[in-house]
Amino acid sequence: RGATLLLKYRALNSRPYYTAFDDYFKDTGNRKENDLKSQIIGEDVQWKGNLPWDRGFLMGLNGEIHQVDATRIGKHDENQFSIYGSEELGIRDLPISLKLGLRLNEHSKFGSSYNPEIGLNYKKGKWEMGIQVNRSSNTPTFRQRYYESTTSKGNPDLRMERAANYQINISNKIGNSFNWSVVTFYSLAEDRIVSLLGSNGIYRYENIGDSSRKGIETGFDWKIAEWLGIDASYIYLIAKDDNTGLFIPFKPEHTAKSNIRLSKQNWSLIFSGKYVGDEFVDTANTKVLEGYFVADSKLTYQLGKVNLFFE
C-alpha cells in the first residue's frame, strides 16, 4: 500500500511518497512466527530546464527514510540521500543527441556509491535508436536481510550489488496508437544478490562473485480506444555465474507478460498476466522449478494531486 503526492511550481517538481509492506508468517506446528513490517518515507525534488548549449537539463535531490519492525531485530531505521543530474547535448542540426548523467548516493549502512551514465541517441520521424552505458548499484532490502519462514531465511550480512550495464535499443511508432521496441542488453555484476537453496532445504539470499546477464527484450503498446489499451513484452535471458559457468538460480531464460488497461475519468484498472519459464533453484543446476503463470490486478484513483492505489 502507499500514496504519492505530485506538486509542481514552474520548472520545479516535488514528489513526496510513502509505501508500506507487511510480511507475516506463523508455523503453528513448531510454534514459530515471524513478522516484518517495513515502510519507506521519501521525497524527490527535480528541476528541469534548458541551458543555452543543450537540449535539456535535469537536476534532482532524493531522500528516503527506511523503517523496519521485525521479529529478529526489533525496530531499525536506515536512511539514504541522493543527488543526481543529466544533460542532453545536441550535435549541430543532426537528429543525434548525447546524454550524460551522474547519480551520487549516500546510505547510512552501505556507504557511498556513484552511478555515471552516457548515451547516444538517434531520432528521426517515428524511428528511434540508441546506445547506453551506465553503472548501477542495488541495496539489499529489509526482506532479503531479515525475513524468516520455514522455507527462507534472511541474510543480514548482504553487501551492495554493483553492475556495469550496456544496451542497444530500437523503436518505432505506427500511426498514433501502436509502437514497438527491441532492446539488446549485457551486464557485468559484482556481488550480485541471488536466492540460493541450501542443503537444509532453506532458501537464503547470498552475494555471488562475478556474474553476467545478456539477452534481448521486445514488446509493443497498443491504445485500442480512449479507455482501453494493451501492452505485452518478452525477455530472453542468459544469466551465469562467471566463476563456475553455471546458470544463476531463479533467472529464467524465458519471461513474457501483458497488461490490459481500462480507464475512465479519475479511475483506472489494470489486469496483468505474467509467464515465467523453467528456472534452476540451486547453484549446481540440478534442480528445476517448472514454469508458471501469475495473474494480478491494480485499481488506481487520482484524487486531485494525490494518487491512491490498491493491488
Side-chain angles (χ1 to χ4, degrees), residues 21-36 38 70-72 136-165 183-219 232-258 272-296 311:
F21 302 91
D22 189 357
D23 291 295
Y24 177 76
F25 169 79
K26 184 175 183 179
D27 185 350
T28 55
N30 295 323
R31 297 182 179 179
K32 179 180 180 181
E33 62 179 326
N34 188 5
D35 191 17
L36 187 148
S38 62
T71 303
R72 287 187 60 188
S136 61
S137 55
N138 181 27
T139 303
T141 65
F142 283 138
R143 195 179 196 281
Q144 291 172 333
R145 286 182 278 161
Y146 302 123
Y147 182 69
E148 285 190 15
S149 69
T150 54
T151 58
S152 64
K153 185 176 182 179
N155 182 359
D157 298 321
L158 286 174
R159 299 182 298 276
M160 181 185 290
E161 174 185 300
R162 305 174 191 270
N165 310 294
V183 179
T184 60
F185 56 87
Y186 180 64
S187 174
L188 292 171
E190 175 186 352
D191 287 330
R192 189 180 298 278
I193 301 170
V194 298
S195 178
L196 302 180
L197 178 63
S199 57
N200 57 357
I202 301 296
Y203 290 99
R204 178 179 168 90
Y205 287 100
E206 300 283 356
N207 293 104
I208 61 175
D210 298 329
S211 63
S212 61
R213 297 170 65 255
K214 56 186 176 183
I216 185 170
E217 178 177 2
T218 182
S233 64
Y234 165 76
I235 300 176
Y236 174 72
L237 172 67
I238 297 295
K240 288 189 174 184
D241 184 334
D242 292 341
N243 298 310
T244 64
L246 298 175
F247 289 96
I248 297 175
F250 298 104
K251 297 296 180 182
E253 191 173 358
H254 305 283
T255 304
K257 59 183 179 180
S258 181
S272 304
K274 182 178 182 180
Y275 169 75
V276 178
D278 295 351
E279 52 192 332
F280 292 108
V281 299
D282 63 334
T283 54
N285 290 178
T286 59
K287 300 179 181 179
V288 177
L289 175 64
E290 294 184 354
Y292 58 91
F293 178 82
V294 177
D296 199 1
E311 294 185 86

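Heavy-atom basis, side chains included; hydrogens, waters and symmetry copies ignored.
For Val281 against Leu289, the heavy-atom pair with the smallest separation is CG1-CB, 3.6 Å. When all heavy atoms of Val276 and Glu279 are compared, the pair lying nearest together is CG1-OE2, 3.8 Å. Closest approach of Leu36 to Arg143, counting heavy atoms only: CD1-CA, 4.2 Å. Between Pro140 and Ile193 the shortest heavy-atom distance is CG-CD1, 3.8 Å. Summarising the geometry of Asp210 relative to Asp241, their closest heavy-atom pair is O-OD1, 3.4 Å, with the distance given to 0.1 Å. Across Tyr236 and Phe185, no two heavy atoms sit closer than the pair O-CZ, 4.1 Å.
In this structure, Leu237 and Lys251 have side chains that are in contact, with non-hydrogen atoms separated by less than 4.5 Å. Side-chain atoms of Leu188 and Asp242, non-hydrogen and from C-beta on, do get closer than 4.5 Å to each other.
In summary, the side chains of Ser136 and Asn165 do present a donor paired with an acceptor at a separation below 3.5 Å, with no hydrogens or angles considered.
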Derivation of the ring-ring contact (aromatic ring centres under 6.0 Å, His included) call for Tyr147 and Phe21: CA-CA 12 Å; Tyr147 182 69; Phe21 302 91; over 10 Å; no
Apply the test side-chain contact (heavy atoms from CB on, under 4.5 Å) to residues Phe280 and Val288: give CA-CA distance (whole Å), side-chain angles for both, the deciding distance (0.1 Å), then the verdict. CA-CA 4 Å; Phe280 292 108; Val288 177; 3.8 Å; yes
Let's go through Lys274 and Thr255 carefully: what are the C-alpha distance in whole Å and the side-chain angles of both, what is the deciding distance for side-chain contact (heavy atoms from CB on, under 4.5 Å) to 0.1 Å, and is it a yes or a no? CA-CA 7 Å; Lys274 182 178 182 180; Thr255 304; 3.8 Å; yes
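Aromatic ring orientation, His254 versus Tyr234: parallel (interplanar angle below 30°, classes split at 30° and 60°).
Residue pairs meeting the salt bridge (charged side-chain N to carboxylate O under 4.0 Å, His left out) criterion with at least one partner in residues 282-294, sequence neighbours excluded, do not occur; the list is empty. A salt bridge (charged side-chain N to carboxylate O under 4.0 Å, His left out) check over residues 188-206, counting only residues at least two apart or in different chains, returns the pairs Arg159-Asp191, Glu161-Arg192, Arg204-Glu206.
Partners of Arg213 by salt bridge (Lys or Arg N to Asp or Glu O under 4.0 Å), not counting sequence neighbours: none found.
Rounding to the nearest 0.5 angstrom, the gap separating the CG atom in Leu246 from the CD1 atom in Ile208 is 10.5 Å. Taking NZ of Lys240 as the reference point, atom NZ of Lys214 lies at 7.0 Å (rounded to 0.5 Å). In this structure, the separation between OG on Ser258 and OH on Tyr275 is 15.5 Å, given to the nearest 0.5 Å. To the nearest 0.5 Å, the span separating CD1 on Ile216 from CD1 on Ile238 amounts to 12.5 Å.
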